Amino acid sequence: MSKEITSRAADYSQWYNDLVLKGELADYSAVRGCMVIKPYGFALWENMRDALDKMFKDTGHVNAYFPLFIPKNFLSKEAAHVEGFAKECAVVTHYRLKNDPNGGGVVVDPEAKLEEELIVRPTSETIIWNTYKDWIQSYRDLPLLINQWANVVRWEMRTRLFLRTAEFLWQEGHTAHATKEEAIEETEKMLDVYATFAEEFMAVPVIKGVKTESERFAGAENTYCIEALMQDGKALQAGTSHFLGQNFAKAFDVKFSNKENQLEYVWATSWGVSTRLVGALVMAHSDDQGLILPPKIAPLQVVIVPIYKGDEQKAQIGVKVDEIIKELKALGIRVKYDDNDNARPGWKFAEYEMKGVPVRLAIGARDLEKNVVEVARRDTKEKNTVSLDGIAGYVQQLLADIQQNMFNKAKLYRDEHITKADSWDEFEKLLDEKGGFISAHWDGTAETEEAIKEKTKATIRCIPLNNSQEEGKCILTGKSSSQRVLFARAY
RNA sequence: CGGGAGGUAGUUCAGCCCGGUAGAAUACCUGGUUUGGGACCAGGGGGUCGCAGGUUCGAAUCCUGUCCUCCCGACCA
């Protein structure tokens, strides 16, 4: 099989596609805009999901599941919400097929038209708040802290594997609170969870911030986000957390009795991350040889490749490898021994590099004699010969080093690509020649934001949290501004 | 949804202009030699040419429609 990968310099988009396809994360499907997540890619997602799920549980949330289908009228109850999603909803109109009387297979049975059409959820606020109405009566029912793992559908015109597909997997947290302050606290807490996950597990540094009004979630009072930077200098929104105010409570009439026995509308949040994170992971770390996966979530952390002449050597190596595997597994390390006889070592090396396995151990007869093993790390491609005594501990430490090194490298790149611009010329030049985040003054109006987008395709990614206040002039209009915001071209 | 490109063996592609027995490399299977960075020899299996119509004695090739993918743009996470 041809396994060559397009270089980043030659064609960044194609490089990304090559990694996803040849790294066996996903495949295209027969359905427009939808992908098949392959076992290796799904194992990666499962590791991400499990880590996130634990963090949600640790912060007091529980999982539940709400329907895939949403009655059409639910969506229209919150004006901004329907405005934001109407253009990309799949709609179920019929409930039955029948044999084509003209003989061409099956057709939709026109007599089986639904009285009320169903929307395939693009997000679940409406169905969930319709349910919460029944669940919440008193302040004693609050807070309600629920998450669901689900698939959602947004009918995108232009799709890209993991980054933007018509159907994707995600989690969506939906919480209800007695006070505004508590809801805002929840919104910020979950943003912190996402940032911690991105940095500690994915080794992707992120900037926490809030969205401007035009980038805000449809139906939210305020949208918080984490923004990551890809190797081509484009930004990617990696997660969002919304303070929904009382918008959905009012739309779905969700009230509670407070301690003074007065009825009040409930305060809400919602927050989500999706399989898009897999795309972020690929683009943040990988190189022209293939994927580079951070050890904490890599499906495989260590692969062992035997190098032998004849069955006798292979058997001897196998005995030693069994011991190594036992030691590694005792430390909870995910390890695979590839003794497949059909592929030679060089082929295997290239294959596992493409798939981003963090550590490779190569062991041959010469190594057995000297009681050593060759250890290769994927992130730096360094190779070392290491004693087999205490190898498991060595590998465990190495995995931790790789995790840290990947984060450091990504952070260095990210930090070098946050640049201040104080004139329009400088701003445009930075966008075209350097990319990354550009920190610049903005007059705070949607009109200016839109004009800048028109001219440069750059959007305001976020207003960083705890942003330092600084007097200045808007990069475009020259009007006064009290703080810098981060602009970038984005995915 | 607009513009461009593409869909032929598991994969990458040639053949199409000019209609006439479906090809190569690689992967796969068998046997053997091999194995420290994508091995080699010999033999073998595998494709209703995206799908549906049409033209024709005859269609991968010409015509029409349709589906899927890629790149660019508009829209959006």
Side-chain angles (χ1 to χ4, degrees), chain A residues 1-6 11-18 20-22 24 27-36 83-89 103-105 122-123 152-168 170 172 211 214-218 220 223 225-228 235-240 242 271-277 279-280 289-290 305-311 313-314 317 338-354 360-368 370 372-374 376 381 383 385 453-454 457 459 461 490-491:
Chain A
M1 195 188 294
S2 169
K3 289 282 195 180
E4 283 185 21
I5 295 170
T6 306
D11 184 342
Y12 192 84
S13 291
Q14 193 56 48
W15 167 78
Y16 174 79
N17 288 332
D18 284 353
V20 171
L21 295 171
K22 292 173 181 173
E24 299 192 323
D27 249 339
Y28 294 111
S29 75
V31 186
R32 179 183 180 79
C34 297
M35 65 175 172
V36 174
E83 173 82 8
F85 286 104
K87 283 175 288 184
E88 50 187 20
C89 286
T123 179
V152 288
V153 169
R154 297 180 188 175
W155 213 261
E156 298 293 343
M157 285 301 142
R158 186 173 173 193
T159 57
R160 301 198 60 192
L161 295 168
F162 287 112
L163 297 175
R164 178 170 289 113
T165 47
E167 180 192 13
F168 56 91
W170 77 345
E172 46 182 325
K211 288 292 190 187
S214 60
E215 297 273 329
R216 197 174 287 160
F217 175 75
T223 287
C225 62
I226 50 170
E227 292 283 328
L236 187 140
Q237 178 177 301
T240 50
H242 314 291
W271 26 275
V273 296
S274 72
T275 37
R276 186 180 224 206
L277 288 178
Q289 276 68 53
V305 176
I307 295 157
Y308 54 89
K309 293 184 169 76
D311 288 342
Q313 279 192 5
K314 185 179 174 184
I317 293 167
D338 187 352
D339 62 348
N340 179 353
D341 205 24
N342 294 330
R344 296 166 81 256
W347 193 91
K348 292 175 184 173
F349 292 174
E351 182 70 13
Y352 290 108
E353 275 163 18
M354 179 149 53
R360 179 186 72 229
L361 304 183
I363 182 163
R366 293 203 309 252
D367 301 312
L368 282 186
K370 295 185 217 156
V372 295
V373 64
E374 181 193 83
K381 300 206 203 73
K383 288 193 274 198
T385 301
K453 187 182 175 186
E454 284 280 313
K457 302 201 190 313
T459 50
R461 301 319 302 158
Y491 278 93

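These numbers come from a predicted model, not from an experiment. First the proteins, then the strands, lettered A, B, ... as listed; each starts at 1.
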* Please name all residues satisfying side-chain hydrogen bond (donor to acceptor under 3.5 Å, both in side chains) with A:Arg461, sequence neighbours left out, ordered by chain then number. => A:Glu227, A:Thr459

* To do: List for me each residue that meets ring-ring contact (aromatic ring centres under 6.0 Å, His included) alongside A:Tyr12, sequence neighbours excluded, and say none if there are none.
  => A:Trp15

* Between A:Asn342 and A:Lys348, which is nearer to the 5' end of RNA chain B once each is assigned its nearest nucleotide? -> A:Asn342

* In whole Å, what separates the C1' atom of B:C57 from that of B:G47? -> 26 Å

* Over how many whole Å does the gap from A:Asn340 atom CG to B:G38 atom C1' extend? -> 14 Å

* Structure fact -> Nearest-nucleotide check on RNA chain B, A:Pro345 vs A:Ala350; residue mapping nearer the 5' end is A:Pro345

* Structure fact -> Out of B:U69, B:G36, B:G37, minimum distance to the side chain of A:Lys383 belongs to B:G37

* Considering every strand shown, what is the Watson-Crick or G-U wobble mate of B:A39 when both distances are under 3.5 Å? -> B:U33

* Asked: Using the P atom in both, what is the distance from B:G3 to B:G65, to the nearest Å?
  -> 13 Å

* A:Lys309 has an atom NZ; how far is it from atom P of B:A39, in whole Å? -> 15 Å

* side-chain hydrogen bond (donor to acceptor under 3.5 Å, both in side chains) partners of A:Gln14, counting only residues at least two apart -> A:Asp18

* To do: Name the pairing partner of B:A52, where a pair is Watson-Crick or G-U wobble with both distances under 3.5 Å, or state none.
  => B:U64

* When all nucleic acid strands are considered with a 4.0 Å heavy-atom cut-off, which category describes A:Ala30: base, sugar-phosphate, or nothing? -> sugar-phosphate

* Can you tell me, in whole Å, how much space there is between the P of B:U56 and that of B:G19? => 16 Å

* C1' gap between B:C72 and B:U11, integer Å -> 27 Å

* To do: Mind checking A:Gln313 for me? I need base, sugar-phosphate or nothing, with any heavy atom below 4.0 Å counting as a touch.
  => nothing

* To do: For nucleotides B:A27 and B:G45, find the distance between their C1' atoms and express it as a whole number of Å.
  => 13 Å

* Does B:C70 have a Watson-Crick or wobble partner in any strand here, with both distances under 3.5 angstrom, and which is it? -> B:G4

* Interatomic distance, A:Arg32 CZ vs B:U66 C1' [rounded to whole Å] -> 13 Å

* Side chain A:Arg154, main chain A:Pro122, donor-acceptor under 3.5 Å -> yes

* Structure fact -> side-chain hydrogen bond (donor to acceptor under 3.5 Å, both in side chains) filter on A:Tyr308, not counting sequence neighbours, yields A:Asp341

* **Atom-to-atom span, CG of A:Asp27 to C1' of B:G10 - whole angstrom** => 12 Å

* Structure fact -> Readout for nucleotides 70-77 of chain B: B = base within 4.0 Å of protein heavy atom, S = sugar-phosphate only, - = neither; 5' to 3' it is SSBBB-BB

* Using the ring of A:Phe349 (Phe, Tyr or Trp, six-membered ring only), decide whether A:Arg360 places NZ or CZ under 6.0 Å from its centre and within 45 degrees of its axis. => yes

* To do: Taking atom P in both B:C70 and B:C62, compute the distance separating them and give it to the nearest angstrom.
  => 25 Å

* Would you mind pulling out the nucleotide paired to B:G47, Watson-Crick or G-U wobble, both distances under 3.5 Å? => none

* Given side chains that start at C-beta, do those of A:Asp339 and A:Ile317 come closer than 4.5 Å, heavy atoms only? -> no

* **Counterpart residues, side-chain hydrogen bond (donor to acceptor under 3.5 Å, both in side chains), relative to A:Thr223 (two or more places apart)** => A:His242

* To do: Measure from CG on A:Asp341 to P on B:G31 and round the result to the nearest Å.
  => 12 Å

* Base, sugar-phosphate, or nothing for A:Gly279, non-hydrogen atoms under 4.0 angstrom? -> nothing

* To do: Describe the nucleic acid contact of A:Glu353 in one word from base, sugar-phosphate, nothing, applying a heavy-atom distance below 4.0 Å.
  => base

* Asked: Checking only heavy atoms, does the side chain of A:Arg344 share a donor-acceptor pair with the base of B:G37 at less than 3.5 Å?
  -> no

* **Rounded interatomic separation in angstrom, taking CD from A:Glu351 and C1' from B:U35** => 17 Å

* Hey, is the main chain of A:Pro306 close enough, under 3.5 Å, to the side chain of A:Lys314 for a donor-acceptor pair? -> no

* Asked: How long is the line joining OH of A:Tyr308 and P of B:U33, in whole Å?
  -> 14 Å

* Between B:C76 and B:U48 - C1' atom distance, rounded Å -> 41 Å

* Asked: Does B:A14 have a Watson-Crick or wobble partner in any strand here, with both distances under 3.5 angstrom, and which is it?
  -> none

* Figure out the NZ/P separation between A:Lys22 and B:G10, and round it to whole Å. => 17 Å

* **Spacing of the C1' atoms in B:A9 and B:A14 (rounded, Å)** => 13 Å

